[in-house]
Visitor: 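Below is the structure I would like to discuss, written out as structure tokens.
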Amino acid sequence: MSGRLATPKPDAAWVTVCFRTARTGRRVLRGDGLDERSSLVVWRSDTAQGPALVRFDPLSSTTKGGGHPYSHPSSSPSPCPHPPGPLPCDVHLWVDADSPERAELVEHADVLVSRVPLRPGSAHRRVRDLLARHRGCLAAAVPDTATGCVVGVRDRTGAVSVVRLHRGGADAPIPLRTVVSVVHAWAVSGESPRALRSVAAMPRH
């Protein structure tokens with residue numbers, strides 16, 4: 001067993017999703033300060049595909065005492081240093097829906113994720129319940145014990161729909177929080193969530 005301690009998973013973070021152009025995606029993304037907080041993914045829709053950079057900047061502990069997270073400058077997201085991509089970059093607040101220490105931040109979340117796997121029917125109900133109880137939240141995700149995850153998104157009318165996405169092979173699926181953050185970015189860019197088909201890890205060559 002390794003003597004290294006596992007890095008604690010964040011329970012709240014600013015997430016920045018930057019859609020890049022396919023022809024220059026890998027070269028440009030590598031110059032964007034890729035580190036342990038960032039990951040490269042490939043999204044595919046009904047009509048197009050391309051890479052995206054997803055960055056998580058965990059909120060500092062100073063935000064745990066209440067108040068809106070925007071009131072804590074030390075927890076602001078990192079700026080995007082790259083030229084514009086085919087879709088606008090999206091910055092949103094992601095929160096672990098089951099974290100007792102982040103209960104007050106849940107009310108401000110743009111994206112909520114549960115880490116507790118449920119049976120498919122229960123996962124669907126949990127997603128819809130999260131979005132029903134938190135009207136400012138646009139997207140929510142819950143892991144399930146069959147298909148891997150249930151992702152729900154609110155449309156412009158307020159109606160909730162479930163987005164069925166492939167998120168990589170069963171041997172190495174990308175984190176659910178990354179998937180739902182890409183769904184959020186896709187939806188706020190004006191694209192139809194139903195047109196998004198998959199979010200997978202960038203292949204290594």
Visitor: Could you walk me through whether R133 and D129 pass the salt bridge (Lys or Arg N to Asp or Glu O under 4.0 Å) test, one step at a time?
Guide: CA-CA 6 Å; R133 287 192 292 115; D129 179 63; 2.8 Å; yes

Visitor: Looking at every heavy atom in both A140 and V127, which two are closest together, and how far apart are they?
Guide: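 That would be O-CG1, 4.0 Å.
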
Visitor: Taking CZ in R119 as the centre, count heavy atoms belonging to other residues, nucleotides or ligands within less than 6.0 Å. Is the count above 12?
Guide: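 Result for CZ/R119: open.
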
Visitor: Could you grab the distance from atom CG of D144 to atom OG of S114, nearest 0.5 Å is fine?
Guide: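 Rounded to the nearest 0.5 Å, the CG-OG separation comes to 11.5 Å.
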
Visitor: Calculate, to the nearest 0.5 Å, the distance between atoms CG and OG1 belonging to L53 and T16 respectively.
Guide: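 It comes to 8.5 Å.
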
Visitor: For V151 versus A141, what's the shortest heavy-atom pair and its separation?
Guide: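 Taking every non-hydrogen atom into account, CG2-CB, 4.1 Å.
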
Visitor: So do V95 and V106 actually touch side chain to side chain, heavy atoms under 4.5 Å?
Guide: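 Yes. Closest side-chain heavy atoms under 4.5 Å.
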
Visitor: Given D11, which of R177, R102, R115 fulfils the salt bridge (charged side-chain N to carboxylate O under 4.0 Å, His left out) condition?
Guide: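 Result for salt bridge (charged side-chain N to carboxylate O under 4.0 Å, His left out) with D11: R102.
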
Visitor: Identify the residue among V111, T178, L93, V54 that makes a side-chain contact (heavy atoms from CB on, under 4.5 Å) with V15.
Guide: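 Option passing the side-chain contact (heavy atoms from CB on, under 4.5 Å) with V15: V54.
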
Visitor: W186 vs W43 aromatic rings, parallel, tilted or perpendicular, using cut-offs 30° and 60°?
Guide: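 Ring orientation of W186 relative to W43: tilted.
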
Visitor: Would you list the atom pairs, donor with acceptor, under 3.5 Å between side chains in residues 83-91 and any protein atom, with sequence neighbours excluded?
Guide:
unit_1: D90; atom_1: OD2; unit_2: H92; atom_2: ND1; d: 2.7
unit_1: D90; atom_1: OD2; unit_2: H184; atom_2: ND1; d: 2.8

Visitor: Quick one, P51 and L40 - any side-chain contact, counting heavy atoms below 4.5 Å?
Guide: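 Result no, sub-4.5 Å side-chain heavy-atom pair not found.
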
Visitor: Using every non-hydrogen atom in the two residues, find where V150 and V162 come nearest and quote the distance to one decimal.
Guide: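 Shortest heavy-atom separation between V150 and V162 comes out as CG1-CG1, 4.1 Å.
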
Visitor: Take L196 and L165, measure what side chain to side chain contact (heavy atoms under 4.5 Å, CB included) needs, and give me the verdict at the end.
Guide: CA-CA 7 Å; L196 193 59; L165 290 172; 3.9 Å; yes

Visitor: To check you understand the geometry: which heavy-atom pair defines the closest contact between A97 and L130, and what is its length?
Guide: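 What the structure gives for the nearest pair is CB-CD2, 4.0 Å.
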
Visitor: Are D98 and V116 close enough, and set up right, to give a side chain to side chain contact (heavy atoms under 4.5 Å, CB included), and what steps lead you there?
Guide: CA-CA 8 Å; D98 302 315; V116 181; 3.7 Å; yes

Visitor: To the nearest 0.5 Å, tell me how far S45 OG sits from E191 CD.
Guide: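 The OG atom of S45 sits 7.0 Å away from the CD atom of E191.
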
Visitor: Begin from the C-alpha positions of E107 and H134 and carry the test side chain to side chain contact (heavy atoms under 4.5 Å, CB included) through to its verdict.
Guide: CA-CA 6 Å; E107 299 304 318; H134 306 290; 3.3 Å; yes

Visitor: Rounded at 0.5 Å granularity, tell me how far CG in L112 sits from SG in C137.
Guide: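 The SG atom of C137 is 4.0 Å from CG of L112, to the nearest 0.5 Å.
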
Visitor: Quick one: closest heavy-atom pair of A13 and P58, and the distance?
Guide: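 The answer is CB-CA, 3.8 Å.
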
Visitor: Compare every heavy atom of A139 with every heavy atom of V180, then report the nearest pair and how far apart it is.
Guide: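 Heavy-atom minimum between the residues: CG2-CB, 3.8 Å.
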
Visitor: Is there a side-chain contact between V160 and V153 (heavy atoms, below 4.5 Å)?
Guide: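 Side-chain contact under 4.5 Å: no.
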
Visitor: Quick one: do D57 and R37 make a salt bridge, cutoff under 4.0 Å?
Guide: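 Yes.
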
Visitor: Between the main-chain N or O of V199 and the side-chain N or O of R44, is there a donor-acceptor pair closer than 3.5 Å?
Guide: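 Checking the backbone N and O of V199 against the side chain of R44, no donor-acceptor pair under 3.5 Å is found.
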
Visitor: Measure the CZ-CZ distance between R197 and R194 for me, rounded to the nearest 0.5 Å.
Guide: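 Here the interatomic distance stands at 9.5 Å.
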
Visitor: Sub-3.5 Å donor-acceptor pair from the side chain of S99 to the main-chain atoms of D96, do we have one?
Guide: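 No, the answer is negative, given that no donor and acceptor are paired below the 3.5 Å cut-off.
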
Visitor: Nearest 0.5 Å, please: how far is SG in C149 from CG in L118?
Guide: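 Reported to 0.5 Å precision, the distance equals 12.5 Å.
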
Visitor: If you apply the rule side chain to side chain contact (heavy atoms under 4.5 Å, CB included), what do you find for W94 with V113, and how did you get there?
Guide: CA-CA 8 Å; W94 166 87; V113 175; 3.0 Å; yes

